[in-house]
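Worksheet: the structure to be examined is printed underneath.
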Protein chains: 2
Amino acid sequence: MTESAGTGRDAEAVSRFVESFAAQLVEAGMARMPARVFAALLSCDAGSMTSAELGEQLRVSPAAVSGAVRYLAQTHMVSREREPGSRRERYRVHGDQWYEALTNRDAVLKRWETALREGVTSLGPDTPAGRRMSETLAFFEFLEGELAALMERWRVHRDKTIRPG
Amino acid sequence: MTESAGTGRDAEAVSRFVESFAAQLVEAGMARMPARVFAALLSCDAGSMTSAELGEQLRVSPAAVSGAVRYLAQTHMVSREREPGSRRERYRVHGDQWYEALTNRDAVLKRWETALREGVTSLGPDTPAGRRMSETLAFFEFLEGELAALMERWRVHRDKTIRPG
DNA sequence: CCTTAACTTCACAAATTTCTGAAGGAAGCG
DNA sequence: CGCTTCCTTCAGAAATTTGTGAAGTTAAGG
């Protein structure tokens, strides 16, 4: 049993999970260090860690943590909190904030739509390629509307099944 | 006007679009060469190209095309077709097949769910981290069900607005 | 069968990405 | 105020990824 004093958790098992979950995120296209930081935050009881704690768990330099955290904050996967009366910062996953961010690939969707519109123009709306692209564009426009509705249904579903009352 | 003889299309404009759309796919996490091949196929009138044609348009070696196409076929983004009476192969995007594949991140979703279940076990279902992870897991399970329904609504919507009759 | 065309695989070179160490700056604390 | 702690930035080293050339495999066509 690898139980570090006082934590009440098997640090090695936690670390194994962190790394394996991070690996899944990497496979899905996420950069390695942000994935590891995110997985670590997701797995800690407090839901937030300091830069130093992250560096220690992941065995990386403060610089690496800094870079990863900047990316995660930009994409709203984590939020930064200043610890009052200290220059320490805590990085936090907000339980649900983060997977909302996942569906907030809205930005990506928007950029794709822009690119596709340009494509329809470049290729000519009346060419076979242009028509194929128009249909693709229509799909993304449809998808964008659906996503908002889907998230709303999720909140209802969650409140009924997980956080009732 | 850069119009290559007989194609009836501005080859340079097409190429520009191909590269810029591919760049968007890369930003979203797709490997470079598959993204370029896919964008090229999406932009050609026939909806399919041979390995040689792809190599010429993208200015890459047959080896690069081969690797990209293998990936795209595995992920069902394109299908391979043998040209009868020839050892040429044609690679095709199926109009709609491809964005169905996009939502068929089912495989990814499933792997995440597996990883999260392991996480709940490792961390303990009654710990704060375990509960947070349970909720995340519930979200993905919910999402999985929703995606199927969403695609069905898309087909209905498309048949009404784009391919009526 | 033998030739040749088309695709694939593999080892390696090149380019890109990723992380570190060191130096620099902001903010608490005495 | 100056010291100290913590975070960030930046140049460069290290590792990974990517694409090429060359050899190998399969199958058509004579």
Side-chain angles (χ1 to χ4, degrees), chain A residues 15 18-20 22-41 46 48-75 77-92, chain B residues 15 18-19 21-41 44 46 48-75 77-93:
Chain A
S15 180
V18 166
E19 297 304 332
S20 87
Q24 300 291 338
L25 295 174
V26 168
E27 257 187 273
M30 194 169 177
R32 178 180 305 277
M33 193 58 62
R36 296 180 70 208
V37 167
F38 183 71
L41 287 173
S48 79
M49 295 173 87
T50 65
S51 180
E53 288 166 343
L54 285 167
E56 186 187 1
Q57 159 147 22
L58 303 176
R59 302 314 216 79
V60 294
S61 71
V65 174
S66 175
V69 152
R70 177 176 27 178
Y71 171 81
L72 290 170
Q74 272 173 357
T75 56
M77 303 273 286
V78 311
S79 55
R80 327 167 81 113
E81 302 176 352
R82 199 33 101 27
E83 250 178 9
S86 161
R87 41 235 162 294
R88 258 191 206 140
E89 214 146 13
R90 301 196 68 86
Y91 305 109
R92 153 158 280 130
Chain B
S15 179
V18 167
E19 297 304 333
F21 190 63
Q24 300 290 336
L25 295 174
V26 169
E27 257 187 273
M30 193 169 178
R32 179 182 305 277
M33 192 59 62
R36 296 180 69 208
V37 166
F38 183 71
L41 288 172
C44 76
S48 78
M49 296 173 87
T50 65
S51 181
E53 289 166 344
L54 284 167
E56 187 187 359
Q57 158 146 21
L58 302 176
R59 305 314 216 79
V60 293
S61 70
V65 174
S66 174
V69 152
R70 176 178 25 178
Y71 171 81
L72 290 170
Q74 273 175 358
T75 56
M77 305 273 286
V78 310
S79 55
R80 326 167 82 112
E81 301 176 353
R82 201 29 102 32
E83 252 179 8
S86 160
R87 46 233 108 128
R88 259 193 203 136
E89 214 147 12
R90 301 196 68 85
Y91 306 109
R92 153 160 280 128
V93 292

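In the text below, chain A, chain B and the rest are named by the order of the sequence lines, each starting its count at 1.
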Over all heavy atoms of both residues, which pair between Val65(A) and Ser51(A) is shortest? Give the atoms and the distance, please. CG1-OG, 3.6 Å

Roughly, in whole Å, what's the span from CE in Met30(A) to C1' in dT18(C)? 15 Å

Nearest whole angstrom, please: distance from the P of dT9(C) to the OH of Tyr71(B). 17 Å

Which pair of heavy atoms, one from Ser15(A) and one from Gln57(A), lies closest together, and at what distance? CA-NE2, 4.1 Å

Looking at CZ of Phe38(A) and CG of Leu25(A), how far apart are the two atoms once the value is rounded to the nearest 0.5 Å? 7.0 Å

Check Leu41(A) against Met49(A) and note the closest heavy-atom contact, atom names and distance. CD2-N, 3.6 Å

Got more than 12 heavy atoms from elsewhere within 6.0 Å of CD, Glu56(A)? no

Nearest-angstrom distance from the residue atom CE of Met49(B) to P of dC7(C): 12 Å

With nearest nucleotide decided by heavy atoms, which residue, Arg90(A) or Arg32(A), maps closer to the 5′ end of DNA chain D? Arg90(A)

Go nucleotide by nucleotide along DNA chain D from the 5' end; which of Ser51(A) and Arg36(B) gets its closest nucleotide reached first? Ser51(A)

Is Arg80(B) touching bases, backbone alone, or none of the nucleic acid, heavy atoms closer than 4.0 Å? sugar-phosphate

Arg92(B) side chain to Ala46(B) backbone, donor-acceptor under 3.5 Å: yes

Should the heavy atoms of other residues, nucleotides or ligands under 6.0 Å from CD of Glu19(B) be counted, would the total exceed 12? yes

Distance check needed: dG28(C) C1' versus Glu89(A) CD, whole Å only. 14 Å

Between Arg88(A) and Thr50(A), is there a donor-acceptor pair closer than 3.5 Å when you use the side chain of the first and the backbone of the second? no

Salt-bridge present (Glu81(A), Arg90(A); N to O < 4.0 Å): no

Output one letter per nucleotide in nucleotides 24-30 of chain D: B when a protein non-hydrogen atom lies under 4.0 Å from the base, S when only the sugar-phosphate is that close, - when neither is. ----SS-

Nearest to the Met33(B) side chain among dG19(D), dT8(C), dT18(D), which nucleotide is it? dG19(D)

Glu27(B) CD to dT17(C) C1': how many Å, rounded? 15 Å

May I ask you to list the residues of residues 53-67 of chain A, by number, that have any heavy atom positioned under 4.0 Å from an atom of DNA chain D? Pro62(A), Ala63(A), Ser66(A)

Rounded off to whole Å, could you give me the CZ-to-P distance for the Arg88(B) and dA5(C) pair? 11 Å

